[in-house]
Amino acid sequence: MGSWVNSAEVLGSDLPLELAGTGNRRAVLMAALRDAVRSGRLAPGARLPPYRSLAADLGLARNTVADAYAELVAEGWLAARQGSGTRVAERAAPVTPAAPAHRPPAREHAARPVHDLVQGRPDPSVFPRTAWLGSARRALAAAPDDAFGPGNPQGRPELRRALAGYLARVRGVRAGPERIVLCSGAAHGLRLLAQVVGGPWATEEYGLPFHRDLLASHGVGTRPLGVDADGARVDGLNHRDRAVLLTPAHQFPTGGPLHAARRSAVVDWARATGGLVVEDDYDGEFRYDRQPVGAVQGLDPEHVVLLGSVSKSLSPTLRIGWMVLPRRLVGPVVAAKGDREQFSSATEQLTLADFVESGAYDRQVRRMRQRHRRRRDQLVAALERRAPHVRVTGIAAGLHAVVELPVGTERATVRAAGRLGLAVEGLGAYLHPGAESAARTGGVEPPARDGLVVGYATPPEAGYPEALEVLCRALPPG
């Protein structure tokens, strides 16, 4: 392997003086590294010094340099590979003052957005790598031999025990580990429930199209329930519905919680008809204005299924989720899953069990809650300054917010954002295709809501203010 470039080549001779000041040393170091790439002092593929060496050269703490490297890897400036060190990313070509000989068409720029405000994806740079590694080491050292054999389709008992305690404490869930079946996420859980329960299902008129399509692919038709400020209109349920899919803690994507009277009413419906309430608790831990409301499952564990995962709190790449099931459904769901676990690694399940029991998961959730609350506050403040004619709706919770727009402006606003290099989705993308006809049949006005579903979790810290600036520029004038 080639030797690495020294710190003077990377940063320039005057940087150590700047780092000796009172500012944020990590931020200054990151800015200097970006500038070195832009200017060409660091060419694509150039190998950087190990963070220990650079820290010693500059008189910095090792963690400061390691964190700077990690964030620049997440932003795409650097690339890190086991055994190869940290290098300048191959695509991070230097920016020269001269104009390019050929300027690509505008549509090519639009296809690769500069800023990402699409909902549902946490910033990968904040994954708790050190704590996760510690849990992995402890879990592997303590793992019984059967953990390395054929998997139990219900999931590792260590994780089911850890989750039973955590969910009881944090979400008010009433279930022992024998009622929990592990899966690879909410989508996998829905597939299994579709096979076992059958259809038709009722769903909220606003929700993930992917979930509706997934149910349809298993022969389960869906029909929409109206949504208002109090959540789903559960008075629209009837005896023909086999199940209802709800997001009670934070209606996705419109943002309201399910009113207490409606929580009771949907449980009464399930008891009276034998129906099933499927509670997608996709971000129930992330409430910012008060303590999270307990899960509906706590009202009646025999008629409510709770779906959860770590995709928002840790990373979607872990592929670990859970179903808390009524007793009568545990056997059929495990049978539908198959004789061997095929979707989530037993070693990752063991690691998550240690992560939960050690308190690291609670710390990560608190950290993410503070980060997301700050991000949401920044969004609200930016809109109040730059676009006071629009407003953020829903409760202070989750990883996204809906920015309400004047009726008729949604599509044009999404297109304007795309031209400015901003990826963001319109509220209409989440509307059930049968919502308008269902509303007319029920004698009410069809939904007429325009808005943007703004995901504030994904952008790196340094890029978020600029993403908000671009968002404000894309909004229709007041």
Enquirer: Give a yes or no answer on whether the side chain of T351 reaches the backbone of T347 with a donor-acceptor pair at less than 3.5 Å.
Expert: yes

Enquirer: Would you please say whether a donor-acceptor pair under 3.5 Å links the side chains of Q364 and S313?
Expert: no

Enquirer: Quick check against the 3.5 Å criterion: does Q251 have a side-chain atom that pairs as donor or acceptor with the backbone of A232?
Expert: no

Enquirer: Would you please name every residue forming a ring pair (Phe, Tyr, Trp, His ring centres under 6.0 Å) with Y69, sequence neighbours left out?
Expert: none

Enquirer: Do you know which two heavy atoms are closest between A162 and A353, and how far apart they sit?
Expert: CB-O, 4.0 Å

Enquirer: Ring centres of F252 and H400 under 6.0 Å apart?
Expert: yes

Enquirer: Assess whether a salt bridge exists between D450 and R411, defined as any Lys/Arg side-chain N lying under 4.0 Å from an Asp/Glu carboxylate O.
Expert: no

Enquirer: Ring centroids only, cut at 6.0 angstrom: are Y166 and Y361 within range, meaning strictly under it?
Expert: yes

Enquirer: Among side-chain atoms of Q349 and E158, is any donor-acceptor pair under 3.5 angstrom?
Expert: no

Enquirer: Under a 3.5 Å distance rule, please check whether R242 uses its side chain to pair with a backbone N or O of P200 as donor and acceptor.
Expert: no

Enquirer: Please test F286 against M368 for side chain to side chain contact (heavy atoms under 4.5 Å, CB included), starting from the C-alpha separation and ending with a verdict.
Expert: CA-CA 8 Å; F286 296 111; M368 299 304 289; 3.7 Å; yes

Enquirer: Enter the distance from H218:NE2 to D213:CG here, rounded to the nearest 0.5 Å.
Expert: 12.5 Å

Enquirer: Quick check against the 3.5 Å criterion: does R87 have a side-chain atom that pairs as donor or acceptor with the backbone of L78?
Expert: no

Enquirer: Would you call L193 and W201 a side-chain contact if the rule is heavy atoms closer than 4.5 Å?
Expert: yes

Enquirer: Passes side chain to side chain contact (heavy atoms under 4.5 Å, CB included), R287 versus V293? Steps please.
Expert: CA-CA 9 Å; R287 182 79 184 257; V293 177; 4.0 Å; yes

Enquirer: Below 4.0 angstrom, N of the basic side chain to O of the carboxylate: do D268 and R263 qualify?
Expert: no

Enquirer: Between V424 and A417, which heavy-atom pair has the shortest distance, and what is it?
Expert: CG1-CB, 3.8 Å

Enquirer: Show the nearest heavy-atom pair for residues A401 and R376, with the distance to one decimal.
Expert: CB-NE, 4.4 Å

Enquirer: Any luck finding a side-chain donor-acceptor pair between H211 and T203 under 3.5 Å?
Expert: no

Enquirer: At their closest point, which heavy atom of A416 faces which heavy atom of A474, and how far apart are they?
Expert: CB-O, 3.9 Å

Enquirer: Would you say that E302 contacts R179 through its side chain, given a criterion of any heavy-atom pair below 4.5 Å between the two side chains?
Expert: yes

Enquirer: Between the main-chain N or O of A261 and the side-chain N or O of H259, is there a donor-acceptor pair closer than 3.5 Å?
Expert: yes

Enquirer: Nearest 0.5 angstrom please: R191 CZ to C183 SG, how far?
Expert: 10.5 Å

Enquirer: Is D283 paired with R369 through a side-chain N to carboxylate O contact shorter than 4.0 Å?
Expert: no

Enquirer: Salt bridge or not between D123 and R371? Use side-chain N to carboxylate O under 4.0 Å.
Expert: yes

Enquirer: Taking the side chain as everything from C-beta on, heavy atoms only, tell me whether L190 gets closer than 4.5 Å to D280.
Expert: no

Enquirer: More than 12 heavy atoms of other residues, nucleotides or ligands under 6.0 Å from CZ of R137: is that the case?
Expert: no

Enquirer: If you apply the rule salt bridge (Lys or Arg N to Asp or Glu O under 4.0 Å), what do you find for E410 with R449, and how did you get there?
Expert: CA-CA 9 Å; E410 180 182 304; R449 298 184 62 177; over 6 Å; no

Enquirer: Identify the heavy atoms of A397 and H250 that sit nearest to each other, and give their distance.
Expert: O-CE1, 3.3 Å

Enquirer: Sub-3.5 Å donor-acceptor pair from the side chain of Q154 to the main-chain atoms of E178, do we have one?
Expert: yes

Enquirer: Taking all non-hydrogen atoms of both residues into account, name the closest pair between A175 and A164 and its distance.
Expert: O-CB, 3.7 Å

Enquirer: Show your working on side chain to side chain contact (heavy atoms under 4.5 Å, CB included) between D281 and R171 and close with a plain yes or no.
Expert: CA-CA 9 Å; D281 200 41; R171 303 293 296 122; 2.8 Å; yes

Enquirer: Of all residues at least two apart in sequence or in a different chain, which pass the ring pair (Phe, Tyr, Trp, His ring centres under 6.0 Å) check with W132?
Expert: F127, F355

Enquirer: Between E461 and R374, does any NZ, NE, NH1 or NH2 come within less than 4.0 Å of an OD or OE carboxylate oxygen?
Expert: yes

Enquirer: Are a donor atom and an acceptor atom from the side chains of Y464 and H115 found within less than 3.5 Å of each other?
Expert: no

Enquirer: Between CH2 of W77 and CE of M30, what distance do you get to the nearest 0.5 Å?
Expert: 10.0 Å

Enquirer: Looking at side-chain heavy atoms only, is the closest gap between P209 and H432 below 4.5 Å?
Expert: no

Enquirer: Could you tell me whether the side chain of Q119 and the main chain of L399 form a donor-acceptor pair under 3.5 Å?
Expert: no

Enquirer: Between OG1 of T254 and CG of D228, what distance do you get to the nearest 0.5 Å?
Expert: 9.0 Å

Enquirer: What distance separates T413 OG1 from L405 CG, expressed to the nearest 0.5 Å?
Expert: 5.0 Å

Enquirer: Walk me through it: do V304 and V296 pass the test side chain to side chain contact (heavy atoms under 4.5 Å, CB included)?
Expert: CA-CA 7 Å; V304 182; V296 173; 4.2 Å; yes

Enquirer: Between R156 (side chain only) and S345 (backbone N and O only), is there a donor and an acceptor less than 3.5 Å apart?
Expert: no

Enquirer: Charged N to carboxylate O under 4.0 angstrom, R373 versus D289?
Expert: no

Enquirer: Could you check if a side-chain atom of L182 sits within less than 4.5 angstrom of a side-chain atom of R160, using non-hydrogen atoms only?
Expert: yes

Enquirer: To the nearest 0.5 angstrom, please state how far the OG atom of S309 sits from the CD1 atom of I320.
Expert: 10.0 Å

Enquirer: Any donor and acceptor pair, going by atom type alone, linking the side chain of R121 with main-chain N or O of V118 inside 3.5 Å?
Expert: no

Enquirer: Is there a side-chain contact between L422 and V114, using heavy atoms and a 4.5 Å cut-off?
Expert: no

Enquirer: Could you tell me whether R233 and E205 have a side-chain N and a carboxylate O separated by less than 4.0 Å?
Expert: no

Enquirer: Using modelled atom types only, decide if a donor and an acceptor are shared between the side chain of E279 and the backbone of Q297 within a distance under 3.5 Å.
Expert: yes

Enquirer: Pick out which of L452, T393, V392 makes a side-chain contact (heavy atoms from CB on, under 4.5 Å) with E404.
Expert: T393

Enquirer: Determine whether L192 and K337 make a side-chain contact, defined as any pair of heavy atoms from C-beta on separated by less than 4.5 Å.
Expert: yes

Enquirer: Using a 4.5 Å cut-off on heavy atoms from C-beta on, say whether the side chain of P326 contacts that of D300.
Expert: no

